[in-house]
Amino acid sequence: METIKVNLINSSLEERKKTYDLATKILKNGGLVIFPTETVYGLGALATDEVAVEKIFKAKGRPQDNPLIVHIGDDNILENLNKYVKEIPDGSKALIKKFWPGPLTIIFKKNDILPDVTTANLSTVGIRVPSNLIAKELLNYSKLPIAAPSANISGRPSPTTFKRCIEDMDGRVDLIIGYDNSEIGLESTIIDVTVTPNEVLRPGGITLEDLNKISKDVYFKGNIRLKDGEKPRAPGMKYRHYSPKASVSMIRITNKDYGKLIETVTKDSLLIYFGEIKELENFIAFNKENILGKVVHFKDEIEGSKEIFEVLRQADDDHISSIYIVETKESGIGLALMNRLTKASGFTTIEI
Ligand code: TXA
Ligand code: MG
């Protein structure tokens, strides 16, 4: 398949409208369109078209039991939402008002207009109203509901740049729309409002602290490993995820035995840490010659979240064989960051 690529960075409204016309035509004809969002890039099909949605699973190599998020525009938001869901629980209205458009996916009971393949036979659907300029304009302009997972080959880190979308999906989709790198860099927060208390199924761009300001009735069970045979409430969370080819391990600093890093961070490895860890910084500075691997330091968890998937992908390009990531605070976006990283590591932790 020939993939059309359009980069809308610095584009005029006229150019964008031309691209939205093309995307609308492709989607209505059952094709696939990749588009930017504020979290990660999405691989979209018309959510009500069963055959088109099946193509998403094929293009990504995604397991059929992993439901898709349906994206809608923010024009007449409640009216629009009502087309796809059975009810809008009263408790969810404040969340909608505060966080849409934005990186929050809300799980509702679904309407029959959405085929079973879109929601992997669940009776619920995750709806998201993105805030990214291109995503928002495309959804409002086309007036279509777009089912879209992250635009990566299943299992790989989600793409946050135009280039990575092309790398994974050239020849597999009809159109790739490029724009800025994703602002947040981690996927949306998912909250299920069909249960009481409302349950966060995946932490993301909207933090637990943000949610708690609006509702005290929010539960998250934490970034913990599932027991054998246990099913996560967001089916996709059970798969190997966010993983580069390199082996990934978390580093927990308990004894401050930084000397161990010299044995660990060898030539083909990468050490990543977030925020100010003065003693670690000093150790690295004093042992420049002994620490042979690469070191990436992010100023905080926000910057780390924005860049992490790209750094993991770059590590593969650089043939890095082992990645060591120093655990960070599970507050704010740090909770989502640690969620993705502990998964990528398969919950492997080294204490130093
Ligand atoms: O930020 C995002 O959410 C990005 C952009 C493109 O919008 N999308 C995204 O989609 O991350 P995906 O498919 O990579 O992740 C969707 C997650 C999966 O873990 C899936 O199991 C869960 O959402 N999910 C979708 N519908 C669900 C439902 N009805 N009930 C429970 N979990 C659901
Ligand atoms: Mg994904």
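All values reported here derive from a predicted model rather than from experimental measurement. We use all heavy atoms of the structure for the numbers below, so side chains are in, but hydrogens, waters and symmetry mates are not. In listed order, ligands and their atoms are each counted from 1.
- For Thr119, the heavy-atom gap to ligand 1 stays at 4.0 angstrom or more.
- By the 3.5 Å distance cut-off applied to N or O atoms, Ser188 is counted among the residues near ligand 1.
- Of the inter-residue distances, the one linking Glu54 atom CD with Gln64 atom CD reads 6.5 Å to the nearest 0.5 angstrom.
- Of all the heavy atoms in Asp168 and Ala151, the pair that sits closest is CB-O, 4.1 Å.
- In terms of protein heavy atoms, atom 32 (N) of ligand 1 is closest to Ala234 CA, 3.4 Å.
- Taking only non-hydrogen atoms, the option from Lys110, Glu199, Arg62 nearest to atom 13 (O) of ligand 1 is Arg62.
- Counting heavy atoms from C-beta on, the side chains of Glu303 and His297 never come closer than 4.5 Å.
- Closest heavy-atom contact between Pro103 and Ile184: CG-CD1, 3.4 Å.
- Taking atom 28 (C) of ligand 1 as the reference point, the nearest protein heavy-atom neighbour is Ile107 CD1, 3.4 Å.
- For ligand 1, the atoms closer than 4.0 angstrom to any heavy atom of Leu201 are 31 (C).
- Contacts between Lys109 and ligand 1 below 4.0 angstrom, taking non-hydrogen atoms only, are absent altogether.
- The two atoms that bring Gly73 and Ile77 nearest to each other are O-CG1, 4.1 Å, heavy atoms only.
- For ligand 1, the atoms closer than 4.0 angstrom to any heavy atom of Asn66 are 18 (C), 20 (C), 21 (O).
- With Ser150, Gly204, Gly42 as candidates, the residue nearest to atom 9 (C) of ligand 1 on a non-hydrogen basis is Ser150.
- With Ile191 as reference, Val218 is the one residue of Leu201, Val218, Ile107 to meet the side chain to side chain contact (heavy atoms under 4.5 Å, CB included) rule.
- Considering backbone and side-chain atoms alike, Lys60 places every N or O at 3.5 Å or more from each N or O of ligand 1.
- Ligand 1 places these atoms under 4.0 Å from at least one heavy atom of His71: 5 (C), 6 (C), 7 (O).
- The one candidate from Asn339, Asn223, Thr342 that meets the side chain to side chain donor-acceptor pair (under 3.5 Å) condition with Glu330 is Asn223.
- Set against the non-hydrogen atoms of Leu122, the atoms of ligand 1 under 4.0 Å away are 28 (C), 29 (N), 30 (N).
- Only the side chain of Thr39 comes within 4.0 Å of ligand 1, judged by heavy-atom distances.
- Under 4.0 angstrom from ligand 1, the non-hydrogen atoms of Ile190 all belong to its side chain.
- With salt bridges taken as basic N to acidic carboxylate O contacts below 4.0 Å, one links Lys278 and Glu281.
- Taking a cutoff of 4.0 Å between a charged side-chain nitrogen and a carboxylate oxygen, Asp210 and Lys98 do not qualify as a salt bridge.
- Only the side chain of Arg202 comes within 4.0 Å of ligand 1, judged by heavy-atom distances.
- Near Glu187, the atoms of ligand 1 lying under 4.0 angstrom from a non-hydrogen atom of the residue are 1 (O), 2 (C), 11 (O).
- Ile176 pairs with exactly one of Leu43, Ile34, Ile4 by the side chain to side chain contact (heavy atoms under 4.5 Å, CB included) rule, that one being Ile34.
- Interface atoms of ligand 1 facing Arg233, defined by a heavy-atom separation under 4.0 Å, are 31 (C), 32 (N).
- Counting protein heavy atoms only, atom 21 (O) of ligand 1 is closest to Gly236 N, 2.6 Å.
- For the residue pair Asn198 and Val195, the shortest heavy atom distance occurs at ND2-O, 3.0 Å.
- In the vicinity of Thr124, heavy-atom distances shorter than 4.0 Å reach the ligand 1 atoms 28 (C), 29 (N), 30 (N).
- Look at Asn152 and the Mg ion (ligand 2): no N/O/S atom of the residue is under 2.8 Å from the metal.
- Between Asn7 and Tyr179, the closest heavy-atom pair is OD1-N, 3.6 Å.
- When Pro149, Gly44, Pro67 are checked for heavy-atom proximity to atom 26 (N) of ligand 1, Pro67 turns out nearest.
- For ligand 1, none of its N or O atoms has an N or O atom of Thr37 under 3.5 Å away.
- Residues Lys299 and Glu307 are not paired through a salt bridge, judged by the lack of any N-O separation under 4.0 Å between the basic side chain and the carboxylate.
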